Protein chains: 2
Amino acid sequence: MTTRTEDQQGDAGGERISDAEHAVMEALWKRSPQTAAEVCETVCKDRGWSMPTVKTLLSRLVQKGALATQPDGRRFLYTPLIARSAYVGGESRRLVDRLFGGRAAPLLAHLAQEEALSPDDIAEIERLLQEMKK
Amino acid sequence: MTTRTEDQQGDAGGERISDAEHAVMEALWKRSPQTAAEVCETVCKDRGWSMPTVKTLLSRLVQKGALATQPDGRRFLYTPLIARSAYVGGESRRLVDRLFGGRAAPLLAHLAQEEALSPDDIAEIERLLQEMKK
DNA sequence: CCATTACGATTACACCTGTAATCTGAATAG
DNA sequence: CTATTCAGATTACAGGTGTAATCGTAATGG
């Protein structure tokens, strides 16, 4: 059973994580726990956000069960509840299911056509395949 | 330059195509041109939609520049303006950029871990890589 | 003890999306 | 010529998303 109909990108809570929220998650996957201010430090630059925006996103992520909060005096420390690999795996599967009927090979073909594959990528993929076959 | 900052999934119009809209596009990529009724024939079953829903999606897609209309008596014939390969390529690139820093190899690794790669897939990917190296 | 700060919580609000019902005008049946 | 039908257009409306301002409260400086 390679194709899975039900989507479920990260389990924990099962709620979908939006694009903006994802940026916040990335910051916390890179390092955690962090305070809201620290997260902002990381993402506000890149995305042109202000603190309130980050606060909102953090709250929504907590609601969605994607982050845990741990009180630290007057503030919160935020920690991811879903692993990056779970999220990434889920999103990848979603794409492959939606666009390629669940088959990864056509995806690779497209990436190749789009020149998204460098020679290094090709070498690395071959290495991966070798390992997989073992 | 493997990583592209600007997103641009299908060019024509540049507007993003939503999930529901994508289902309609698929029907028209499979065969075109088609009338709204014909499209509904294809998708209403699968998605549990009614005609009005399909009409709305078709209209939005026309607005977004993803579909062309060609009057046929009282009704319209709809034809995709963006190629499926362009859409699929764009979406794939978006995912790879967003989650894997633009590198395809880690994506493959994840698909492998998630067991989304069958032995057939692996064989086919190897074949693709061989061709690419030529 | 009081004024200011620094947080998280609440509220805001416009746009997008999913999902339709209703309107309007033209073709067609009688 | 008129009533019905059928197509696209307009409107609807709740929930999600991006992006924030404001509120309430607890700590902190003086």
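What's counted below: heavy atoms across the whole structure, side chains too, no hydrogens, waters or symmetry copies. Not measured: the values here are computed from a predicted model. All chains are named by letter (A, B, ...) in the order of the sequence lines, taking the proteins before the strands, and each is independently numbered beginning at 1.
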Practice task
Could I get the full list of side chain to side chain contact (heavy atoms under 4.5 Å, CB included) partners for A/Ser59, not counting sequence neighbours?
Solution key: none
Exercise for the section: Can you tell me the distance, in whole Å, between the CD atom of A/Gln70 and the P atom of C/dC7? Expected result: 17 Å
Problem - side chain to side chain contact (heavy atoms under 4.5 Å, CB included) partners for A/Glu124, two or more places apart - result: A/Arg127, B/Arg103, B/Ala105
Handout entry: All pairs passing side chain to side chain donor-acceptor pair (under 3.5 Å) where residues 72-81 of chain A contributes a residue, at least two apart
Key = none
Problem - Set of ring-ring contact (aromatic ring centres under 6.0 Å, His included) partners for A/Phe76, sequence neighbours left out - result: none
Practice task
Classify every nucleotide of nucleotides 4-18 of chain D by which part a protein heavy atom approaches to under 4.0 Å, writing B for the base, S for the sugar-phosphate alone and - for neither, in 5'-to-3' order.
Solution key: ---SB---B----SB
Problem - Pairwise ring-ring contact (aromatic ring centres under 6.0 Å, His included) hits with a residue in residues 14-47 of chain B, at least two apart - result: B/His22-B/Tyr87, B/Trp29-B/Tyr87
Completion exercise
B/Gln63 CD to C/dC15 C1', in whole Å, measures 13 Å
